Amino acid sequence: MATAPSHGRGVGRPWRRSASSPAGSEPPAAEPGHPHGGRAVALAFAALGVVFGDIGTSPLYAMQTVFSLEHNRVQVTRSDVFGVISMVIWSITIIVSMKYVALAMRADNEGEGGILALVALLRTHLVAPRRARAVVIMGIVGAALFFGDAVITPAISVMSAIEGVVVVDPSLGDLVLPLSLVILTVLFAVQRWGTQVIGRAFGPVMTLWFVVLAVLGVPHIVHNPQILLAVSPTYALAFVLEHPLIAFVAMGGVVLTITGAEALYADMGHFGAGAIRRAWYVVVFPSLALTYFGQGAMILDDPSTVANPFFRMAPSWATLPLVVLATLATVIASQAVISGAYSVSRQAVRLGMLPRMLVRQTSREEGGQIYVPVMNWILFVGVVVLIAVFRSSSRLATAYGLAVTGTLLLTSALFLVLAREVWRVERWKIITYVVLVVTLELTFLGANLTKIVSGGWLPLLIAAAVVALMTTWRQGSTALHEEERYLEGPLPVFVRMIRHHDIPRVPGVAVFPHSNATTTPLALRANVDFNRVVHEHVILVQIVNENVPHIRHVDRVEVNDLGDAADGFVHVAVHVGFADSQDIPKGLALAIGKTPELDVDIDDAHYFLSVLTVHATGPRGLKTWRKRLYAWMYHNAANRTEVFHLPPDRTIVMGAHVEL
């Protein structure tokens, strides 16, 4: 079956093509559809309002956490402060600027980013089954850890900002929990309007936020300019060599400065790599550097400010306005992981890791701008439970970081496989990446493993639950498809049976959505078994998802008469991009008239959906708990009548019972 053109983007963008790189692995010099001029600026501005909220609000709690870990093991001395600030600056430089913004964002799956985009690319190009399975397993674990991060981030971000009111008036502490819940409820409720609309609304707030970060840091830097010496990595190295155990503890807090890096990558489909890079290098990175340098300078001048360095940077009259702005910024920080979770969940569905979900496209220009209602409300419930259980950002901070570091390492592993096996990147570049990036990420992971008992178990528990769901869905789907193929039987045999038994043909058009052109839809079999008739025109429709944003109407449909132009049976493949609607009636309208068998009035067609009723009672195969879990997920998948835009008054559901 023909596939849609990929415009040269299917394997991402290598660091630089080597002599052994396969043809087509290097992108064209200029790709169609890239934004220019005002639209590029507008996208970068909107990206500020969605993509960078998580990493942009890390200054609220990162330094405070570093100096409070293990009962204040990190001291407020010149060597410790310089060492911490140097580690912060170089962690952001290596992990965010180098790994994600400069390198990982070249590995896009037709504009989509994130760990599952890497899995999709590698599954396409890796031939060895064992390697492909290993890649899928790493992708499942990485996606599960990302979902754990997506639940914790909104809770800790919003609570840390609202807790700033305690700096103004300690008696206001009782308002933190109810205000956090109200704000997050509103945030999740407005997701249906789409990330572009939210980005336009949040863009001005985040622009102001990053300006304020820089403005807060500059006066303290001017007062103590020696802190700028911490830009040298020698201070971080000296800190590690002189106080290795203390530096190791500090790394457990330093990792909070790079939270949001994976969400940044996963959000790439919402705005494009170019917009994210421009916003990062021009606005975000400089502002973060200035505010961290400023916090370090202030702590050296007044060690007592280490209790809440962010809010202590501001003059007393500005504390309350800063709390309000920080609250708005942390709401936006939550948006970064929420929109990233939408992208990851849709990619998981396409990779067969999760059941079908209803996905609503919220933009005609950007294919990645989507809203996934089920994922939205699952995250909301998880966030509410966390806030109710932990009740403070300081307690949540102990749970934060482990999911982030695990995802960082898994993304690096997949990226290195892609770079070596597909892009054929030179070995010395791979070694350099391992030394600079992987070594740092392993250190972060080790430092965060010490938090497991005090709260780090939480993201692991969430990730374990997601892994159980994904692996159960994959295994259950494999078993169900085998049963389904057995029940369906070969389509050519069924068509011959219709002729041999002289089954009556009745006027009308019957449309059967079906996943292939070789087996018989169960609804078609059921219709013949119960009604003993076949419609004059039988159309099998297959939705073919392509890894491109859009398929042109002239390329969207393929028609196959299944070997006999006179038997009334025809197969139509409707090719759709990830930004195209899976609208079967509209797809059929494009096919009308292409063959004599399709010279019909589609407005009078009736649609027959094949639906299996799955029972977890079979004696063989999966474990009982997996069978029951799979049956529950299968029956709660998105309604295909709605997904395929079928007219409810002309849609009939038929099928069979299956013991899994």
Side-chain angles (χ1 to χ4, degrees), residues 56-93 160-161 163-170 209-240 242-243 246-247 249-258 284-323 325-326 329 393-394 397:
T57 53
S58 295
L60 277 167
Y61 48 80
M63 295 299 290
Q64 177 185 358
T65 303
V66 169
F67 287 96
S68 64
L69 286 172
E70 298 288 334
H71 307 291
N72 308 102
R73 287 288 299 276
V74 183
Q75 300 296 306
V76 188
T77 63
R78 187 178 188 277
S79 62
D80 283 16
V81 172
F82 269 65
V84 167
I85 297 300
S86 184
M87 287 196 299
V88 167
I89 297 301
W90 281 98
S91 295
I92 296 174
T93 300
S160 64
E163 285 169 353
V165 300
V166 179
V167 177
V168 179
D169 185 350
W209 172 255
F210 286 116
V211 169
V212 168
L213 288 183
V215 169
L216 288 175
V218 168
H220 296 283
I221 296 171
V222 171
H223 188 262
N224 192 352
Q226 287 189 350
I227 193 65
L228 293 176
L229 295 174
V231 75
S232 170
T234 57
Y235 287 94
L237 294 173
F239 182 41
V240 172
E242 293 174 11
H243 311 288
I246 296 176
V249 170
M251 291 292 278
V254 170
V255 72
L256 299 180
T257 64
I258 58 171
V284 181
F285 191 19
S287 297
L288 290 175
L290 287 172
T291 200
Y292 284 122
F293 278 127
Q295 289 188 36
M298 179 189 66
I299 291 170
L300 286 175
D301 288 338
D302 183 1
S304 67
T305 59
V306 77
N308 199 326
F310 179 79
F311 286 105
R312 298 293 184 186
M313 291 175 71
S316 58
W317 60 265
T319 303
L320 188 57
L322 186 58
V323 169
L325 179 61
S393 64
S394 59

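Counting from 1, the numbers follow the sequence of the chain as shown. Fair warning: this is a prediction, and the values are worked out from it, not measured in the lab.
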Residues I299 and V76: closest non-hydrogen pair is CG2-CG1, 3.2 Å
With sequence neighbours left out, the residues meeting side-chain hydrogen bond (donor to acceptor under 3.5 Å, both in side chains) with S316 are none
> Sub-3.5 Å donor-acceptor pair from the side chain of W90 to the main-chain atoms of I85, do we have one?
Replying inline: no
- prompt: Mind checking whether L288 and L213 have side chains closer than 4.5 Å, heavy atoms only?
  reply: yes
When every non-hydrogen atom of F239 is compared with those of A250, the smallest separation belongs to CE2-CB, 4.2 Å
Could you pull out all donor-acceptor pairs under 3.5 Å where a side-chain atom in residues 215-230 meets a protein atom, sequence neighbours excluded?
{"unit_1": "H220", "atom_1": "NE2", "unit_2": "M313", "atom_2": "O", "d": "3.1"}
{"unit_1": "H223", "atom_1": "ND1", "unit_2": "D301", "atom_2": "OD2", "d": "2.9"}
{"unit_1": "N224", "atom_1": "ND2", "unit_2": "D301", "atom_2": "OD1", "d": "3.4"}

By ring pair (Phe, Tyr, Trp, His ring centres under 6.0 Å), F82 pairs with (sequence neighbours left out) Y235
Applying side-chain hydrogen bond (donor to acceptor under 3.5 Å, both in side chains) to S287 and not counting sequence neighbours gives none
Hits for side chain to side chain contact (heavy atoms under 4.5 Å, CB included) against A238, two or more places apart or cross-chain, chain-then-number order -> E242
Rounded to the nearest 0.5 angstrom, the CZ-OG1 distance for R312 and T319 is 8.0 Å
Rounding to 0.5 Å, atoms CE (M87) and OG1 (T257) come to a distance of 9.5 Å
Applying side chain to side chain contact (heavy atoms under 4.5 Å, CB included) to S68 and not counting sequence neighbours gives N72
F67 meets the ring pair (Phe, Tyr, Trp, His ring centres under 6.0 Å) criterion, sequence neighbours left out, with none
Nearest heavy-atom approach of V74 to V66 is CG2-O, 3.6 Å
Note: L60 and A326 closest approach over all heavy atoms is CD2-CB, 3.9 Å
Residues at least two apart in sequence or cross-chain that pass side-chain hydrogen bond (donor to acceptor under 3.5 Å, both in side chains) with T234, listed by chain then number, are S232
By ring pair (Phe, Tyr, Trp, His ring centres under 6.0 Å), F310 pairs with (sequence neighbours left out) W209
All heavy atoms of M63 vs all of P309, minimum pair found to be CB-CG, 3.9 Å
In terms of heavy-atom contacts, A289 and I89 come closest through CA-CD1, 4.0 Å
Residue pairs meeting side chain to side chain donor-acceptor pair (under 3.5 Å), one or both in residues 56-65, sequence neighbours left out, come to S58-T259
